[in-house]
Amino acid sequence: MNWTTKKQQAFQRDFLNWYQQNQRDLPWRHFHDPYHIWLSEIMLQQTQVHTVIPYYQRFLKAFPTIADLAATDEATLFKAWEGLGYYSRARNLQRAAQQICTDYQGVWPQTATELEKLAGIGPYTAAAIASIAFDAPEPAVDGNAYRVFARLLQIKADVAQPKTRGIFAAAIRPLLPTTGAGDFNQATMDLGATICTPKDPACLLCPVQQYCQAYQTGTQLDYPVKTKKPKPKPVHLAALVIGDPQQWLMQQRPGQGLLANLWTYPLVSAADLQSDENDKLPADWSALLTQYVAQTYQLDLNITPVKGRAVTHTFTHLKWTIDLYQAKLPAKTDLAFFPGQLVAAADYDQLAVPTVQKKLQQRFLKDSK
DNA sequence: TACGCGTGGAT
DNA sequence: TATCCAAGCGT
């Protein structure tokens, strides 16, 4: 940082004045206690404000206090998080609630270092809570901070690399006010979300334009420097809709990994159907699936394709293409070898299901008519 | 360190 | 349609 003290103070003043006049009215800004701040920060990880707001409202209604959250059962917890994604956040949220209630006797630690010991709280979230709820002078370095300060100071470090966080934290720290770092951090987020946007920044409206090195050189769009990630890997699956309109088979996914503990129709991958991945599967998997459920689940079913196009669903790292298949489930079928449950239509809404399951169900309802 | 981990909006 | 990206964390 080669700015003079005078320039730093002027920047701080202009930046914070802009925030006072232009800050967004967001639900969690009506509170200053750590529970509300923490909940919002966890939900906002890699998730847009617009998406979070209804979840935040519903979640607080279901769990008004951290003690309520610590004491709830996992099914209730996941139902409240259903559709928000990155489901380990929900599990870590409850784990941290239990840590606060038991290890800390309900009293929040106030330093970033201590906060980072809680489940699901990393360097960004620790700094955000410490500064917003406890007025600690910590820089909250998130995607907005990367973009805003990379442009402002022409920092060329690759923000995709973990070690870059420290470079930005060190650059921002001298700019923080002694008190009110929480406002400074939130000003950074608001500026990044509304003015200093990735694709088409509104530099002419920027309150700190005169300090921005990228603006002065017309290089806004060159920042932040970020190496791009690989494309999602394609995976081909079959979804088995087994049952009738009143009830059907559902499976809970394993406790670790993708969509952990959420419920879906039984999903069978190409890899499940054959040991040699070099063999090419037929377009119609019906015969293979019938054989598979006979061997694996001890179920004697007549599996047929559901007419209509496949469902596609893209995750950060995977692209699923899912063909739908269906079969009637004969009365009094022995389900001892099926690792799941026969779920009545009336109970279906009790299960926490991922968005891809909602797509599958919709497609089945439409195409099976 | 690199990768696994969801979803929906914007372009 | 394809791609990027949004208040990241855990391992």
Spacing of A:Leu118 atom CG relative to C:dG8 atom C1', expressed in whole Å: 16 Å
Could you check, using the six-membered ring where one of them is a Trp, whether A:Phe59 and A:Phe63 have ring centers closer than 6.0 angstrom? yes
Taking the side chain of A:Arg165 as heavy atoms from C-beta outward, which of B:dA2, C:dC9, C:dA7 is closest to it? C:dC9
Under 4.0 Å, counting only non-hydrogen atoms across every strand here, what does A:Val49 touch: a base, just sugar-phosphate, or nothing? base
Does a salt bridge link A:Lys358 with A:Glu82, judged by any charged N lying under 4.0 Å from a carboxylate O? yes
Classify A:Leu259 by what it touches in the nucleic acid, base, sugar-phosphate, or nothing, heavy-atom distance under 4.0 Å. sugar-phosphate
Per atom distances to the A:Pro198 side chain, the nearest of B:dT1, C:dA6, B:dC5 is C:dA6
With the side chain of A:Lys199 defined as its heavy atoms from C-beta on, choose the nearest nucleotide among C:dC4, C:dG10, C:dG8. C:dC4
Can you see which heavy atom on A:Leu324 is nearest to which on A:Leu360, and at what distance? CD2-CD2, 4.0 Å
Using a cut-off of 6.0 Å, state whether more than 12 heavy atoms not belonging to A:Gln362 lie near its atom CD. no
What nucleotide among C:dA7, C:dC4, B:dT7 has an atom nearest to a side-chain atom of A:Glu41? C:dA7
Between the base of C:dG8 and the side chain of A:Thr125, is there any donor-acceptor pair under 3.5 Å? no
Has A:His317 got a side-chain N or O lying under 4.0 Å from the OP1 or OP2 atom of B:dC3? no
Measure NZ/A:Lys229 against C1'/B:dG6 and give the value in whole Å, please. 13 Å
Roughly, in whole Å, what's the span from NZ in A:Lys231 to C1' in C:dT1? 12 Å
Check every strand shown and say whether A:Ile37 touches a base, only sugar-phosphate, or nothing at a heavy-atom separation below 4.0 Å. nothing
Determine whether more than 12 heavy atoms belonging to other residues, nucleotides or ligands lie under 6.0 Å from atom NZ of A:Lys7. yes
Any donor-acceptor pair under 3.5 Å linking the side-chain atoms of A:Gln154 with those of A:Thr219? yes
To the side chain of A:Tyr87, which of B:dA2, B:dG6, C:dC9 is closest? B:dG6
Could you state the CZ-P distance from A:Arg95 to C:dC9, rounded to the nearest angstrom? 16 Å
Tell me what A:Ala145 touches on the nucleic acid: a base, only sugar-phosphate, or nothing, going by heavy atoms under 4.0 Å. nothing
Name the closest nucleotide to the A:Lys163 side chain, picking from B:dT1, B:dG9, C:dG8. B:dT1
A:Gln98 side chain vs A:Ala70 backbone, donor-acceptor pair below 3.5 Å: yes
Among C:dC4, C:dG8, C:dC9, find the nucleotide with the atom closest to the side chain of A:Gln46. C:dG8
So A:Asp200, base contact, sugar-phosphate only, or nothing? Heavy-atom distance under 4.0 Å. nothing
To the nearest angstrom, the CG-P distance between A:Leu115 and C:dC9 comes to 12 Å
May I ask you to evaluate whether A:His50 reaches the phosphate of B:dG8, defined as a side-chain N or O under 4.0 Å from OP1 or OP2? no
Would you mind classifying the nucleic acid contact of A:Gly257 as base, sugar-phosphate or nothing, using non-hydrogen atoms under 4.0 angstrom? sugar-phosphate
Pairwise P distance for B:dA2 and C:dA7, with rounding to whole Å: 23 Å
For the pair made of CZ in A:Arg24 and P in C:dA7, what is the distance, rounded to whole Å? 8 Å
Measure from the side-chain heavy atoms of A:Leu258 and tell me the nearest of C:dC9, B:dT1, B:dG6. B:dG6
Between A:Pro354 and A:Ala160, which residue's closest nucleotide on DNA chain B lies nearer the 5′ terminus? A:Ala160
Report the nucleotide, chosen from C:dA7, B:dG8, B:dC5, that has the shortest atom-to-atom distance to any side-chain atom of A:Thr355. B:dG8
Over all strands shown, is A:Ile121 touching base, sugar-phosphate only, or nothing at heavy-atom distances under 4.0 angstrom? sugar-phosphate
A:Arg89 (side chain) and C:dA7 (base): donor-acceptor pair under 3.5 Å: no
Nearest-Å distance once atom C1' is located in both B:dG6 and C:dA6: 12 Å
Within the structure shown, what part of the strands sits under 4.0 Å from A:Trp81 by heavy-atom distance: base, sugar-phosphate, or nothing? nothing
Looking at A:Tyr104, I want to see if its OH is surrounded by more than 12 non-hydrogen atoms of other residues, nucleotides or ligands under 6.0 Å. yes
Between atom CZ in A:Phe315 and atom P in B:dC5, what is the gap in whole Å? 9 Å
Nearest-angstrom distance from the residue atom CG of A:Leu44 to C1' of C:dC9: 15 Å
Using a cut-off of 4.0 Å on non-hydrogen atoms, how would the nucleic acid contact of A:Arg91 be classed: base, sugar-phosphate, or nothing? nothing
Side-chain-base donor-acceptor pair under 3.5 Å for A:Thr47 and B:dG6: yes
Please pick, from C:dG8, B:dG6, C:dA2, the nucleotide with the shortest atom-to-atom distance to any side-chain atom of A:Thr316. B:dG6
